[in-house]
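Being a predicted model, the structure only gives us computed values, none of them experimental. Just the heavy atoms: all of them, side chains too, but no hydrogens, waters or symmetry mates, feed the values below. Lettering follows sequence order; numbering is per chain, from 1.
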Amino acid sequence: RGMRHAVASAQNVENTSIAVTDLFKICNHCERLRKKDLGVRIPRPLGNGPSRFIPEKEILQVSKVDSRTQSIFEDAFAALGRLDNISLVMGFHPQYLESFLRTQHYLLQMDGPLPLHYRHYIGIMAAARHQCSYLVNLHVNDFLQVGGDAKWLNGLGEAPQKLQQLGELNKILAHRPWLITKEHMEALLKAEEHSWSLAELIHAVVLLTHYHSLASFTFGCGITPEIHCDGGHTFRPPSLSQYCVCDIANGNGHANLHDDQLGDQDMCGEVEVLMERMKQLQECRDDEEASQEEMATRFEREKTESMLVVTSEDEECVPSRDISRHFEDPSYGYKDFSRRGEHVPTFRAQDYSWEDHGYSLVNRLYPDVGQMLDEKFQMAYNLTYNTMATHKDVDTSMLRRAIWNYIHCMFGIRYDDYDYGEINQLLDRSFKIYIKTMVCSPEKTTKRMYESFWRQFQHSEKVHVNLLLMEARMQAELLYALRAITRYMT
Amino acid sequence: MEKMSRVTTALSSNTISGKTMFCHLDAPANAISVCRDASQVVVAGRNIFKIYTIEEEQFVEKLNLRVGRKPSLNFSCADVMWHQMEENLLATAATNGAVVTWNLGKPSRNKQDQLFTEHKRTVNKVCFHPTEVYMLLSGSQDGLMKCFDLRKKESVSTFSGQSESVRDVQFSMKDFTFAASFENGNVQLWDIRRPDRYERMFTAHTGPVFCCDWHPDDRGWLATGGRDKMVKVWDMTTNRAKEIYCVQTIASVARVKWRPEKRFHLATCSMMVDHNIYVWDIRRPFIPFATFEEHKDVTTGIVWRHQHDPYFLLSGSKDSTLYQHMFKDATRPVDKANPEGLCFGLMGDLAFAAKESLINSDTNRKPYPGGDRRNPLFFFKKTDPTEQFAHVSSALTIYQTGLDSNHMDWFVSTAQRYLLTGKPFAELCDHNAKVARELKRPQVSTTWTMLRIMFSDPANLPAAGLNHSLSKLGSLPLMNSFSLKEMGSVLASESRLERGKGDSRQDNIHLETGNSHISNNNEENEETEGSDGPAECMFGDAELDDDDLYSMDHENQAEEQEYTLPQEGFQLRHEIVDNPSAPEHFQQDKADSPHVSGNEAEVPCLTPIESFSLISISQPLFTHHLPASFFCPIVREMLSYYAEQGDVQMAVSVLIVLGEKIRKEIDDLTQEHWYMSYIDMLQRFELWNVSNEVIKLSTCSAITCLNQTSTTLHINCSNCKRPMSSKGWMCDRCHQCASICAVCHHVVKGLFVWCQGCSHGGHLEHIMNWLKSSAHCPAGCGHMCEYT
C-alpha cells in the first residue's frame, strides 16, 4: 500500500482525488474477478485513514498543499520502503517530521553500537510496555526482516539474557523513571558475559525512551494500524452502506460533523479566554511577586494533583494482541502508585539539564545522536506558527512552556525559574486529563478525551500538542536515565 | 592529598603561603570567588553559601550567609562574585532568576543587600565591573543581560542578545566593553553605554558557549569554552574576531580562567564526566601543561587565588569539597608522555621520532635514502626561565626496508590466493597448503596438510588423498631445495609447536603412543618401519603425514633418503584403502594389533557409497580414525600460537575453513579479535575483496554486521556534477532529470543500470532487452556495451 501511495503522491500534486483507501476501492472490480478465478483473498483496510481521531481528508490535504511535506514523504518512503501512519499524521509539521525521521532512521539503521535486530527488539519491548500494538506490529516485521530470531517474539524469556536484563529498566523507565538509580545501571553494565557496554546502554536507553514516547503519540493521535499488520485489514467484503460500523464509532462518518458543531456552540470563546489569560499573566507578572514558599507549594501542588487526575475512562479498552508476553510484569503500571499516592521526589532541572549534561553524555558515548536529539527537542519546543485556532500573530511561547513544564512536573522535574501557578491558569481540566493519560498510560487515551480538550483548535494544533507531549516525556525519561548513568560513572 | 610542599610568594602588598589542602562542604558547590586580598573565599551552590578564610594549614569557615528560617530560592546560587574593589560586596545569581547583592559590613545576621528580580529565567552569571564600583552585570537564561547600578533599585539598562540564553558575561579589563556568550554558540561584544545593539557578534562554537574570559594583561584576547569540548582564544583587536589558538579537551568546557602572570596559560574544568582541572599552554594544545586530579566529581568553580600569583588555584566541586591546589603538586602529563615515537609502515618501513639530542648522539643510524627528514614539531621558544615546559624539538627518521626483501609480499599474495570456501574441505586445505609452499612457508603448508588429515571425513579420503599425493609429488623437489638456513629458522618454532601438542595429548593413551612415535621418528628414523606398529594402525594417515612433516627437521641432507618414506607411506595407504592386499609389514602389524578385526571390517566400507556405515563402525572401535573433535584442543592451541606469532591471517583462514569443526572451541571474543585484526590488515593493504569475503564468511555477529554499516551510496547529478540530496532521479539544483533511460528516454526511478565504459544506462529491463539484440550502446555513443 505504501508503494502505491507514494507513487500517487510523487506523480502529481493536482491529482487530488486519490486517497489511500480509494486505491483499494478502485480495485473492487478486479477483486471480484480475482476471487472467482484464483481464490485470492484481498485485504481491505479497516478504518479510514491514518488516524481514528482526525478525518483522513485533512491529513492527506497536507501533503498535497505543502511541497516540503511531500518531499519528506518521498524521502521517508525511499529510505524505508513504506510510509507509516505516524509520519502521515506528523506531516502537519514538516520541520519537526524531518528531524524526527532523521533521528529515528539514525537510531534504527545507521552505524551504532547495537546490532539491527536488537534495536527493533528493544523498540518492541518499549512499545509493548504501553501495549501499543501498532508499534509492536511494525517492528515485529522489521525485526524479522533484519534477520531477527522469530523465537524471541514468543516473549522476553526467549530472548538472550542480555535483553532480558533490560526488561527491568524498560519497566521503570516507562512508568516511574524517578526510581532509576545507578544500581540499575550497574546491574546492566557489570553482568559478566551478559553485560552491556556504556555505548550500547546509551543506545538502548535512547531507543526505549523514543518508543515509550512514540507510543504516547500513537495513542494520543489515535493512529490506526498499518494495513499489512494485524488489525489493520479485514477480508470481509465491504458492507453495502458507505460506512461500516467502526467508521461511525470512530467518527469518520457524518456523525462527526454534527458532533463538532455542537461542541463549537458549547465551548464558544474558549480560545479567547485562554488568550486573555496569557495576556494577563504576561502583564501582571512583575507586579504580584509570589513568595518562595508559595512557588514551592505551587510546584508541589501541581505535582500532587497531576497524580490524582483521573485517567480511568475504561470504556474503550482495546483488547490487544497478546503482546503482554513481551514484558513480564503487566501489573506494574503508572496507575498503581498514583492511587497509593506515592511521593515523587523533586528533580532540579538546573542541576542536571539536557543542554548541559545529558547532551554531553549521549554525544560522548553515541556520537551524533546527542546532536540529533538536541535538534529534535529544540524543534519541538520552539515550533510555532504564531496562531491559535483562528487567531493569528499570537505569541504561544508561554502556553508551550506551560505544557512542557507540566509534563516535566508530573515526572517531578522542577524548574526554579518557573511559576507553576501559570499551569493552572493555562491548562484546563480536560486538557490535563488528556496530557496525563497520554503521557502516563497512553493506552487509555480515547477519542472522547481527544475531542474534549481545546475544542476549537484545529487538528494540526492538537498534533502539535502531541509532539510537545511526546518530546517532553522523552526528555524527562532520558534525564533520569542519563543522570543515573552519570552517577554510575562518577 | 596532604602534600607538604610549601610556597611563599612575595607580592607587593602581602604574602601568600600555603599548601595543597581541602575542606568538606555541606553541599555541592556551584561557584566560588575570592576576595581581593586572597585571604577569603566564598562558596555558593544550591544549598550552600559560605565564606571561608584561607589559612596556612586549612580552610576555616567564617560566615554562613544562608540565614533565616525559610528556605529561599534566592539562596540557590548558580554563580557568585566577590567585588574586587569593595571587599564587603558580593553578588549572586539565583536559579530562580533573582540577582542578589550582599554587604558583609551589615551589622545584622542577614547580609542581604539588594534584590533584583527582573530576570524571568535562571541567571547564569553575574559580573562586577573591575574598576567602576557600582556597576554589576547579569546574564540570564531568558536571553537578556542587565546592567545594575547598585545605588538604584532597578537595572539601568537591558541588553537583548536576540539569540537564546546567555551563559556567561565578562567585563573587559580596560574599558566599558563586555563579552557575552550564548547557548547557540554565539559570542557578542557590547559597549555598556550602548544597550541598543551589540558591537560585534561571531559564532565561536557549535553548541553552547559555557564560558569566556578576557586575558588579564589587556591584550584583547578572549578565551571561550564550549560544549563542543574546545577552548578557543580569539584576538579581538582586529576588525574580525580571529581565532588564534584552539585547545581540544576531552569533555565539554564549563569554566576557563587565564593563569595570572603567565601569558599563554589558562585553566579549564569540564561540566561532565571529567573531574580534573587542566592548565594548558595554549601553544601546546595536545597535552595539558598541568593537571589537578583531586576532585571526585565534576569541578564547578575554579579561581586563581590571587590575581598576580600563578601558583595557587582554588576549586569547588559537586563532590562537596573546596580545594586549594599548589602548582608544585600538580601532575605534569608532559613528563609522563613518551618523547619517542615509533611506527611501522605497511611495507615494513620504520619511522622514528625522538628528541633531537637523543638522535644526534646516535651515530650508527642509517640515513633515509632521501636524506633525513627532520621536522621540528613545535616551534622554537626563546629560553625563558619562567617557562616550565621543556624545550621540545624532535627529529623524525624513516628507515626503509631493502628493496629486495619486501617483507609483506607474502601476506598480500597469501590473502589473494587462499581459498576459504566453495570447495570440499580437503581440497581447500590442499590448495592453501600449496599456496603456502609456493610462498616458501613450509610450516604453514604442513599445518594445512595436517588439518586436512585430522578433519577429513574418512569417506572423502580416497579422492582427496589421491589429489594430495599427486600435488605432493609435484612439489617435492621444491621442498628438498630449501637451504639449510631456512630450515633452521623453521625448526625453532616447530619444536615449540610440538611441545604444546605433547602436553595436550598426555591424557590420552592412544595419542600418546602416536606422539612418542613421532618423536622417535625425529630422532631415529629407522624405527619407523615395523617397531611402532600399533601406533601406525591407530594413527593411520596422520602418522604417515607427520612423517612427511617432521622429516624437514632433519639436520643434514644425508637423510634425504628418508624423504621417500612419506611417499611410500602414501602409496601404502592407498593400497590399504583401495585394495585389501597391503604390504607385508602392515599385514603383520594388523595381526599383532588388537584392532585388527576393526580395521579389517573397515576395509570394505571404505567406498564412498557406504560412508555412513563406516563412521558408525569405526568410531566406537577407535580404529582407523579418531573423531575430529579429538584434535580440537591441539588445533586451538595451534591457532593461538599463530595469532600470537603475529600471523593472524593463518588463524582466521583456518577458522573459516574449519568452520563448525573448531568454532565452538574458541571463545567468541578471541575469534572476534582475530577477525578484526585480520580485516584491519587486509584493509590497510587495500585488499577490499578479500576483506569483504572474510567478513561474509565470519560467524561472529559483531563481524558480519560490519557489512551492514556504511552502506549509503552517494550519487552526483549527471548534469551539474553536484551531489544529489533528496531524490535519486531529480537534481534539486539544476532541476534536470539526472537519470534518463537511454532506451525509453524516461526518468528511471527504480533500478538504474549503467555501462562502466560509457556511463550510459537506463532501466534494467530495457538495457537487458536492448543488449540482447544489439552490441552497441543504446545512447548511440558507439561504445560496445556488455551486460553480464
Asker: Looking at residues at least two apart in the chain, or sitting in another chain, which of them share a ring-ring contact (aromatic ring centres under 6.0 Å, His included) with A:Tyr118?
Answerer: A:Trp152
Asker: Testing the basics here: between A:Glu355 and B:Glu183, what is the closest heavy-atom pair and its distance to 0.1 Å?
Answerer: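 Residues A:Glu355 and B:Glu183, closest heavy atoms: CG-OE1, 4.2 Å.
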Asker: How many angstroms lie between NZ in B:Lys318 and OH in A:Tyr352, if you round to the nearest 0.5 Å?
Answerer: 10.5 Å
Asker: Who wins among B:Asp142, B:Asp297, B:Val273 for the most heavy-atom pairs under 4.5 Å with chain A?
Answerer: B:Val273
Asker: Within this structure, what is the CG-CG distance for the pair B:Asn30 and A:Asp351, rounded to the nearest 0.5 Å?
Answerer: 6.5 Å
Asker: Report the distance from atom CD of A:Glu193 to atom CG of B:Asp668, rounding to the nearest 0.5 Å.
Answerer: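 Answer rounded to 0.5 Å: 11.0 Å.
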Asker: Within a 6.0 Å radius of atom CE on B:Met676, are there more than 12 heavy atoms belonging to other residues, nucleotides or ligands?
Answerer: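 At most 12 heavy atoms, drawn from other residues, nucleotides or ligands, come within 6.0 Å of this atom.
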Asker: Using a 6.0 Å cut-off, check whether atom NE2 of B:His746 has over 12 heavy atoms from anything other than its own residue.
Answerer: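 Open.
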Asker: Can you tell me which portion of B:Ala78 sits under 4.5 Å from chain A's heavy atoms? Options are side chain, backbone, both or neither.
Answerer: neither
Asker: Quick one: pull up OH in A:Tyr418 and NZ in B:Lys120 and give me the separation to the nearest 0.5 Å.
Answerer: 13.5 Å
Asker: Strictly distance-based, threshold 3.5 Å: is any side-chain N or O of A:Arg364 a donor or acceptor partner for the main-chain N or O of B:Met272?
Answerer: no
Asker: Under the 3.5 angstrom rule, does the side chain of B:Arg46 hit a backbone N or O of A:Gln350 as a donor-acceptor pair?
Answerer: no
Asker: Please state whether the side chain, the backbone, both or neither of B:His275 comes within less than 4.5 Å of a heavy atom of chain A.
Answerer: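 Only the side chain of B:His275 comes within 4.5 Å of chain A.
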Asker: Would you check if A:Ser360 and B:Arg227 make a side-chain contact, meaning some heavy-atom pair closer than 4.5 Å?
Answerer: yes
Asker: To the nearest 0.5 angstrom, please state how far the CG atom of A:Asn382 sits from the CD atom of B:Glu164.
Answerer: 7.0 Å
Asker: Hey, which residues of residues 365-381 of chain A are touching chain B, say heavy atoms under 4.5 Å apart?
Answerer: A:Asp374, A:Gln378
Asker: I'd like to know if the side chain of A:Asp417 reaches the main chain of B:Asn96, judged simply by a donor and an acceptor atom lying under 3.5 Å from each other, with no hydrogens or angles considered.
Answerer: no
Asker: Report, as yes or no, whether the 6.0 Å neighbourhood of atom NE2 on B:His673 holds more than 12 heavy atoms from other residues, nucleotides or ligands.
Answerer: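 Result for NE2/B:His673: open.
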Asker: Would you say that more than 12 heavy atoms from the other residues, nucleotides or ligands in this model lie under 6.0 Å from the CD of A:Gln161, or not?
Answerer: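 Yes, the 6.0 Å shell around CD holds more than 12 heavy atoms from other groups.
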Asker: Could you please spell out the steps behind the salt bridge (Lys or Arg N to Asp or Glu O under 4.0 Å) verdict for A:Asp416 and B:Arg121?
Answerer: CA-CA 8 Å; A:Asp416 287 346; B:Arg121 305 283 305 269; over 6 Å; no
Asker: For A:Asp356 and B:Phe210: C-alpha separation, side-chain torsions, deciding distance, then whether side-chain contact (heavy atoms from CB on, under 4.5 Å) applies.
Answerer: CA-CA 9 Å; A:Asp356 293 0; B:Phe210 288 135; 3.2 Å; yes
Asker: Measure distances from B:Ser76 to the heavy atoms of chain A and classify the residue's part below 4.5 Å as side chain, backbone, both or neither.
Answerer: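 Side chain only.
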